[in-house]
Every structure is written in C-alpha cells, then in structure tokens.
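Note that the structure is a prediction, hence the values are computed from the model and not measured.
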Amino acid sequence: RDQPRSRGLGDVYKRQLQLNEIDAALTHAKTALSLSRKIGDSGDESNILINLGLILGRQLEWAEAMQVLDEAAASAVLNGDRRGEAEAMMHRARLTEDRGRIDPAFRDQARLYRKQAIDLSVTIGAKDITRQLHEDSSVAADRRGDKPMADFHRASANVIRDSGASGSR
C-alpha cells in the first residue's frame, strides 16, 4: 500500500525541483526515501538517493550531496543495478564539475569521476549515459581550453547519438 505513495512522492519532488521549489523538493525526497526504506523497496532507493543528491547540490550542500550520491551508488551495487551505479557516478562527476567552476581545486577530481563513470557506462553498455558523459567532458575540456580533447569527446558523443543507441534498459 505504501509503495505507490513513495513513487508518487518521487514524481512530486522531481516536479518541484523543475519549478525551483528546492525546500519543498527536499522535504518530499526525504519522505520518499523514508517510505521506501520503511516498506523495504530497496530497488527504488538508489534513484531516490540520486535525486536527493541533486537537490542538495542545488542548495550548494556539496559534502552532503556527495555523500548521498556515494550512498546511491552503493545502494545500486547492493541491488545489482549497474546502471543506477553509473547514473550516480555521472551525477557525482557533474556535481564536482559544478563545484570546480567555483573552486578550481576540484577540476581534476571532476575529470577523474567522469572517466570512472565513462568506463563503467561503457562496460555495462549504457550508451545514453556514456553519450551524456562525453558531452559533459567536451564542455569541461572547452572550458579548460583543451580543444583536441573537447573535439574527441564531442565526436564520441556524436557517434553514440548517430548509432541511435539508447542504453541498456
């Protein structure tokens, strides 16, 4: 009986985030996580944690957001959800990239996280995530002024896009 409610709350916080209603989205995401855990719906937990991490990132709660995204990746691993793990890693890389725009000390870490996420997404055949990561990497390389690397990632993303592949699900 609680299961549809936790998933319904997930839709609510995603829409609130789109409307920039960050505090309300945070409240609903935490409620969805609590309900998911209460009913033992561990299969949805990593997705809820990813979204909670994104919300915390929007609030510039960097450390807490990273902890939550790491927890999302671990939850996905425990549930055999390699795609969920790759998604959590992608968002961890994106969050670190955002932070690196404010504090250059995080740029190398963002690059490492993107590489790890690309490696995993390629390994599991999640082509849509791989494409998104190559697109992210091309933007980051452009910002650094590394045109050859930006071109490489842009071309890699285009090859995946042109193949019409959407991923492993």
Side-chain angles (χ1 to χ4, degrees), residues 10-11 13-22 25-26 29 45-169:
D11 291 337
Y13 67 74
K14 288 175 188 174
R15 286 173 181 34
Q16 288 172 322
L17 194 56
Q18 289 173 335
L19 295 170
N20 209 31
E21 296 174 359
I22 308 300
L26 181 62
E45 185 173 305
S46 65
N47 186 46
I48 295 169
L49 286 165
I50 288 169
N51 286 296
L52 181 56
L54 295 176
I55 294 165
L56 291 165
R58 289 273 294 271
Q59 289 187 315
L60 304 181
E61 297 291 339
W62 307 110
E64 189 176 356
M66 291 299 283
Q67 278 184 313
V68 169
L69 289 171
D70 286 344
E71 187 178 347
S75 173
V77 168
L78 288 173
N79 287 296
D81 180 8
R82 299 300 306 269
R83 182 179 174 79
E85 179 187 6
E87 286 181 46
M89 291 174 70
M90 176 178 67
H91 289 297
R92 182 177 63 179
R94 287 177 170 176
L95 183 67
T96 306
E97 178 68 30
D98 289 346
R99 192 169 183 188
R101 280 188 243 142
I102 297 167
D103 183 348
F106 288 92
R107 289 183 186 150
D108 288 340
Q109 189 67 47
R111 196 169 19 219
L112 174 65
Y113 285 159
R114 274 194 309 276
K115 182 179 178 344
Q116 291 171 339
I118 287 172
D119 290 347
L120 176 59
S121 64
V122 167
T123 298
I124 65 171
K127 294 179 181 177
D128 56 332
I129 294 174
T130 305
R131 179 189 49 78
Q132 291 174 53
L133 285 159
H134 278 298
E135 289 170 351
D136 292 353
S137 295
S138 72
V139 170
D142 276 334
R143 284 191 187 119
R144 288 191 315 271
D146 188 347
K147 183 170 175 24
M149 188 57 69
D151 289 345
F152 166 78
H153 285 293
R154 205 172 350 272
S156 297
N158 288 338
V159 166
I160 295 168
R161 183 182 301 102
D162 292 346
S163 74
S166 63
S168 61
R169 278 192 188 171

Considering all heavy atoms, the nearest S121-T130 contact: OG-OG1, 2.7 Å
Shortest non-hydrogen contact from I129 toward A86: CD1-CB, 4.1 Å
Spacing of L26 atom CG and L52 atom CG [to the nearest 0.5 Å]: 6.0 Å
Nearest atoms (heavy-atom pairs only) where G84 meets I50: O-CD1, 3.8 Å
Side chain to side chain donor-acceptor pair (under 3.5 Å) partners of S137, counting only residues at least two apart: R114
E71: partners by side chain to side chain donor-acceptor pair (under 3.5 Å), with sequence neighbours left out: R37
By side chain to side chain donor-acceptor pair (under 3.5 Å) - contacts of R94 (at least two apart): Q132, D136
CG-CE distance between L120 and M89, expressed to the nearest 0.5 angstrom: 5.5 Å
Basic-acidic side-chain contact under 4.0 Å: R154, D151: yes
Verdict with supporting geometry, R111 and D108, salt bridge (charged side-chain N to carboxylate O under 4.0 Å, His left out): CA-CA 5 Å; R111 196 169 19 219; D108 288 340; 2.4 Å; yes
L49: which of V68, L69, L54 passes side-chain contact (heavy atoms from CB on, under 4.5 Å): V68
Side-chain H-bond candidate by donor/acceptor type, S75 with S46, under 3.5 Å: no
Stepwise side chain to side chain contact (heavy atoms under 4.5 Å, CB included) check, F106 with D98: CA-CA 9 Å; F106 288 92; D98 289 346; over 6 Å; no
D103 and R99 ion-paired at < 4.0 Å: no
Point-to-point distance, once rounded to the nearest 0.5 Å, from CD of E85 to CG of N79: 11.5 Å
Minimum-distance pair of heavy atoms, taken over all atoms of A65 and G57: CB-N, 3.7 Å
Electrostatic pair D70:R92 at N-O distance under 4.0 angstrom: yes
Separation of E45 CD from L78 CG (nearest 0.5 Å): 9.0 Å
Atom pair CG/NE2 of D142 and H153 - distance to nearest 0.5 Å: 10.5 Å
Point-to-point distance, once rounded to the nearest 0.5 Å, from CG of L56 to CG of L95: 9.0 Å
Heavy-atom side-chain contact between L112 and Q116 under 4.5 Å: yes
Partner set under side chain to side chain contact (heavy atoms under 4.5 Å, CB included) for S156, not counting sequence neighbours: H134, F152
Listed partners of E64 passing side chain to side chain donor-acceptor pair (under 3.5 Å), at least two apart: none
Side-chain heavy atoms of D146 within contact of P148, under 4.5 Å: yes
Which residues share a salt bridge (Lys or Arg N to Asp or Glu O under 4.0 Å) with R107, sequence neighbours left out: none
Heavy-atom pair of closest approach, residues A157 and E135: CB-CG, 3.6 Å
From CA spacing to verdict: side chain to side chain contact (heavy atoms under 4.5 Å, CB included), T96, M66: CA-CA 8 Å; T96 306; M66 291 299 283; 3.4 Å; yes
Derivation and outcome, salt bridge (charged side-chain N to carboxylate O under 4.0 Å, His left out), residues D81 and R83: CA-CA 5 Å; D81 180 8; R83 182 179 174 79; over 6 Å; no
